[in-house]
Amino acid sequence: MKNLLSVLAISCVMLFGMGNLNAQTLTQDQDRPEVIAKTKVAELSPKLELDGTQQRALFRAYTAHESNYKKHVTGQDQSSPKVQANKKKFDDVLKVSVKKALTEAQYTKWLSLQNM
């Protein structure tokens, strides 16, 4: 009987410990470029009436953009000429990718949404 209670107690501790571990990793995943890109595309999809191909193209563009920002812009000295040049380069690459994926009307609406 003591063995049964101790096994039950250990398994409960393990179960609660794994739940806490899982909760910690969920908050870390919110900073990943894929998660950020998916959120942005989900927000843009109803506003721009995107089809599946456009959603995939925007997802890839935003993922690359966020990944490059994390590596070369975020956490750097924003007044540095190198950082400003990287930021402009990555923003221009995003605009080109988005323009390729969207129609002219959608692209114009996307530009207006970026200025908000």
Going through the checks in order, is the side-chain contact (heavy atoms from CB on, under 4.5 Å) test met by Asn68 and Val93?
CA-CA 11 Å; Asn68 287 330; Val93 168; over 6 Å; no

Looking at Gln106 and Leu48, what are the two nearest heavy atoms and their distance?
NE2-O, 2.8 Å

How many angstroms lie between NZ in Lys40 and CG in Leu58, if you round to the nearest 0.5 Å?
11.5 Å

Give a yes or no on whether the backbone of Thr63 and the side-chain of Ser67 come within a donor-acceptor separation of less than 3.5 Å.
no

Gap between atom CG of Leu44 and atom OH of Tyr62 - 0.5 Å precision
5.0 Å

Asp92/Lys88 salt bridge by N-O under 4.0 Å criterion
yes

Please work out which of the three classes, parallel, tilted or perpendicular, describes the rings of Trp110 and Tyr107, given edges at 30° and 60°.
parallel

Between OG1 of Thr108 and CD of Glu104, what distance do you get to the nearest 0.5 Å?
5.0 Å

Taking every non-hydrogen atom, the tightest pair across Leu102 and Gln54
CA-NE2, 3.9 Å

Rounded to the nearest 0.5 Å, what separation is found between the CD atom of Glu34 and the NZ atom of Lys38?
11.0 Å

Would you indicate whether the side-chain heavy atoms of Phe59 and Gln55 approach each other to under 4.5 Å?
no

Would you kindly confirm whether Leu111 and Val41 end up in one hydrophobic cluster when ILVMFWY residues are joined by side chain heavy atoms under 4.5 Å apart?
yes

Working to the nearest 0.5 angstrom, can you tell me the gap between Arg56 CZ and Thr53 OG1?
4.5 Å

Once you round to the nearest 0.5 Å, how far does CD of Glu66 lie from CG of Leu94?
9.0 Å

